[in-house]
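Beneath this line is the structure, given in structure tokens, with notes to follow.
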Amino acid sequence: MDVVFQLLDISYEVEGGSPVIILWGRTEENNRIVIRYRGFHPYFYAVIEDPSRIEEVTRRIKALSESSSPIINVEPVKMRYIGRPIDALKITTLIPARVRAYREKVKKLEGVLDVLEADIRFSMRFLLDKNLYPMRWYMIKDVKEANSGSYRVKHVYEASNTEIIELEEYSNKDPLEDLRILAFDIEVYSEKGSPDPRKDPIVIIGYITSDMEEPELIIMKGKSDHVVIQKFVEVVRDYDPDIIVGYNQNGFDWLYLIERAKIHGIKLDIGRRLGAVPQPSVYGHVSVQGRLNVDLYDFAKEIHEVKVKTLEEVADYLGVMKKEERVILEWWQIPEYWKDHEKRDVLLRYTRDDVVSTYRLSEVFLPFGAQLSQISGLPLDQVMAASVGFRLEWRLLREAKKMGELAPNREERREESYTGAVVFKPEPGVHENVAVLDFASMYPNIMVKYNVGPDTLVRPGEDIDPENVYTAPFVGHRFRKKPDGFFKRAVSKLLDIRRRIKQEMKRYDPDSPLYRLLNERQKAVKILANATYGYMGWTAARWYCRECAESITAWGRTIILKAAEQARKLGLKVIYGDTDSLFVTYDQEKTRKLIEYVENELGFEIKIDKIYKRVFFTEAKKRYAGLTVDNRIDIVGFEAIRGDWSELAKETQFKVIEIILRKGSVDEAIDYVRKVIQQLYDKKIDLRKLVIWKTITKRLSEYVSDQPHVYVARILEKMGYKIVPGIKVGYVIVRGSGSLSRRARPYFMVSIEDIDTEYYVDKQVIPAAMRILKYFGVRETQLKTGKKTRSLLDFF
DNA sequence: GCCTTGAAGTTACCG
DNA sequence: ACCGGTAACTTCAAGGCG
């Protein structure tokens, strides 16, 4: 029989010494199924030094075979490697576990130049070879139904090396429709410091599913969380979710649950494979067999507008749960709210709000995740956990496979830097009526136009007719015009897909589900296309090519410089530019001519991205603030949008910018700043507005200088809190003696009385305000109120 | 020994 | 664990001065 199914996830098992691929899916009737696919074996390639001696090498490889898990086939194949035809041997082994050992042995054999594609995990190998993309729909031929045995699914099918065909007509179907989602969150009680799974119990597990109106809580009674965990296992099994979502559960909840379950001797048997427990896996995600365990924090990390990415902040920013309508507790308050029975209800409410926020976040994030999964080829539970580079790489591996190109190995390389983009010096001050012109996908288009890639790169010394190559400016690297390279193909395909999606979107109402689906898809495609340049310059990339990256930026510099020159020739004033954007005084006719020039003479697409009624620059690059024609304030680069300044300083700067741009009133801006400073002196400022957040980027012992956030991190560590790279530390500066760092304190340990007002006036509010006001002739002294100013004293 | 200066260290931003 | 270019802060040591 044939089965139509949506591919949700993939895993494999070894059974009777033979591997079985497990495809997890669901049918059109919304039944969960497993397809057990046999006859697929792991393999890798050996590149042969001398094709005339291929038989000799084949014999040597075969001689390595061990009877317990043998090499089952060695086959000569003609492949391509970095654009050149090569002779290789495809070595197929019986089971995945032995690939590594065989790889090492084969690598050392005489006559073998290199071993390739031995580091591709078996499940992914299958997806790659069969050209399967998770979340898409397929038909598999000639399967037999078997009894469900060890799987918690409706049907199990056995397949043996049969065809799997993609069903294109399903491509606009919502991949998430009717999937069951469960959101959960755990609360842990610890007497002091960070919770320790060896002793601190899970006191609450909250959860909500697609079928529930309200969240449920499993609450610890007595002193043991045994029942809590047990109950949670039942809940998951009963509801049988396809997708489990949480917020940072890969970094915390699962690891904690796994430890606690181990202590109680509970089997966290919550997957769709009998007896399989959650398992830490690749990219730091946790794998739950047959279910997609998606950590929404991975999505949140890409929202750069939110600086401190707690669940509350992200939910508030996205509007799924406003801070006003929920209970807010901070991590350090949780023990207090559990211990104190009077307060416990607040903690319960807090957990409910967290669970609901999490579920709602999944509604916002998963549609994009599903599309990225469909486009990149990574399962949904891995795709956001994987870094940008890996997501793109999986897509590239698929392109390579189609072209018969072998994937290079990952290797350790020395960092070699190269020149990047140009940034123009801005014209300081306020400019009226400014158009921002943006090149459309500049780097991807350079790649396509000049056929840039490791396989088209002409190596130094190679003799080739200059007619047949594109030569990069400044750096002189040459790229063959023909044939189309690997990157050109991959990138133009992505650009093309995106164009088509955008075209299709025009046919639908922006509020329609299909429009939204397509929009998520085009975003996913864009992300991959935009990552290609950075990927080429990434030393850990399989297709690392410094010359390529360097050539792309060189072409980019030439293009933007030429465009700027032409703008000036046309009589447009170039106020600023960065990489692929030009800020020019807006003149409709001249701008049109410039756009034409860029299209016809340079061969690139440039468009008006936005028009500012007024835009302000300082001498600094990468910083400006503007008022758009639709009356929105844009702030770029300034303190007001940086996460490492106090909210008070940011807010003050924002207001100053707003007053200047909207009203043009310097006096009003000065007045505003003075009031803020007065409030600070009067201590009428919410302490939370004084907190400065900074990320700890390495182990505390590795810091050479004790900056404030490092000093505070050490205090927290002494208090028993775990400090790991990546965490954000919130601190305030208090009065006292010693360096700034020595006066930094965790924000929740001080009151407004302790605050060093002078610091906030002189090092936060005034610098942030002066950054702008300086350009309007304002002096620092004008911002200070009744208090005697230091500069006045200095004067005498 | 004190004050100034600039390099080094650090973080977060832009495109 | 995608790139280089950039601003701006704090610390810390060197250098100048007396």
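Letters A, B, ... mirror the listed sequences (proteins, then strands); counts begin at 1.
Between A:Arg771 and C:dC9 there is a side-chain polar atom (N or O) within less than 4.0 angstrom of OP1 or OP2. Neither OP1 nor OP2 of C:dG4 sits under 4.0 Å from any side-chain N or O of A:Ser417. Of the side-chain N and O atoms in A:Thr553, none sit less than 4.0 angstrom from OP1 or OP2 of C:dC3. Contact annotation: A:Arg742 side-chain N/O to C:dT11 OP1/OP2 distance is not under 4.0 Å. Close to B:dT11, at under 4.0 Å from its OP1 or OP2, lies a side-chain N or O of A:Tyr703. Look at A:Thr419 and you won't find any side-chain N or O under 4.0 angstrom from OP1 or OP2 of C:dG4. Within the 4.0 Å cut-off from OP1 or OP2 of B:dC14, not a single side-chain nitrogen or oxygen of A:Thr579 is found. Residue A:Ser739 places at least one side-chain N or O under 4.0 Å from the OP1 or OP2 atom of C:dT11. Side-chain N/O atoms of A:Lys307 include one lying less than 4.0 angstrom from OP1 or OP2 on B:dC13. Note on A:Lys698: a side-chain N or O is less than 4.0 Å away from OP1 or OP2 of B:dT10. Considering only side-chain N and O atoms, A:His709 lies under 4.0 angstrom from the phosphate OP1 or OP2 of B:dT11. Look at A:Lys621 and you'll find a side-chain N or O under 4.0 angstrom from OP1 or OP2 of C:dT6. OP1 or OP2 of B:dG15 lies within a sub-4.0 Å distance of a side-chain N or O belonging to A:Tyr624.
Across C:dC2, C:dC9, C:dT6, the shortest atom-to-atom separation from the side chain of A:Trp645 is found for C:dC9. When distances run from any side-chain atom of A:Lys622 to the nucleotides C:dA8, C:dG5, B:dA12, the shortest one goes to C:dG5. The side chain of A:Val704 has B:dT10 as its nearest neighbour among C:dC9, B:dT10, B:dA12. Taking the side chain of A:Ser705 as heavy atoms from C-beta on, and the options C:dC9, B:dC13, C:dT11, the nearest nucleotide is C:dT11. For A:Val388, the side-chain atoms get nearest to C:dC2 when compared with the rest of C:dC2, C:dC3, C:dT6. The listed nucleotides are C:dA7, C:dC3, B:dA12; the one nearest the side chain of A:Thr695 is B:dA12. Picking from C:dA1, C:dT11, C:dG5 the nucleotide with the shortest atom distance to the side chain of A:Trp538 gives C:dA1. Distances from the side chain of A:Arg623 to the nucleotides C:dA8, C:dT10, B:dG15 place C:dA8 closest.
Tested against A:Val525, the residues A:Leu495, A:Ile497, A:Leu372, A:Asp496 include a single side-chain contact (heavy atoms from CB on, under 4.5 Å) partner, A:Ile497. Checking each of A:Trp555, A:Tyr443, A:Phe487 against A:Tyr533 for a ring pair (Phe, Tyr, Trp, His ring centres under 6.0 Å) leaves exactly one that passes, namely A:Tyr443. For the side-chain contact (heavy atoms from CB on, under 4.5 Å) test with A:Leu392, the passing option among A:Leu397, A:Ile527, A:Leu528 is A:Leu528; the others fail. Screening A:Phe776, A:Tyr576, A:Phe583 for a ring pair (Phe, Tyr, Trp, His ring centres under 6.0 Å) involving A:Phe616 leaves a single residue, A:Phe776.
In this entry the distance linking CG of A:Asp762 with C1' of C:dC9 reads 15 Å, nearest Å. With rounding to whole Å, A:Glu619 atom CD is found 15 Å from C:dT6 atom P. One interatomic measurement links the two molecules: CZ of A:Arg642 to C1' of B:dT11, which rounds to 6 Å at whole-angstrom precision. Whole-Å rounding puts the A:Ile552 CD1 to B:dG15 C1' distance at 15 Å. Atom CD1 of A:Ile692 and atom C1' of B:dA12 are 14 Å apart (whole Å). Taking atom CG of residue A:Asp578 and atom P of nucleotide B:dC14, one finds them 10 Å apart after rounding to whole Å.
Side-chain contact, A:Gln707 with A:Ser741: no donor N or O sits under 3.5 Å from an acceptor N or O.
Using a 4.5 Å heavy-atom cutoff, the side chains of A:Val475 and A:Ser551 are in contact.
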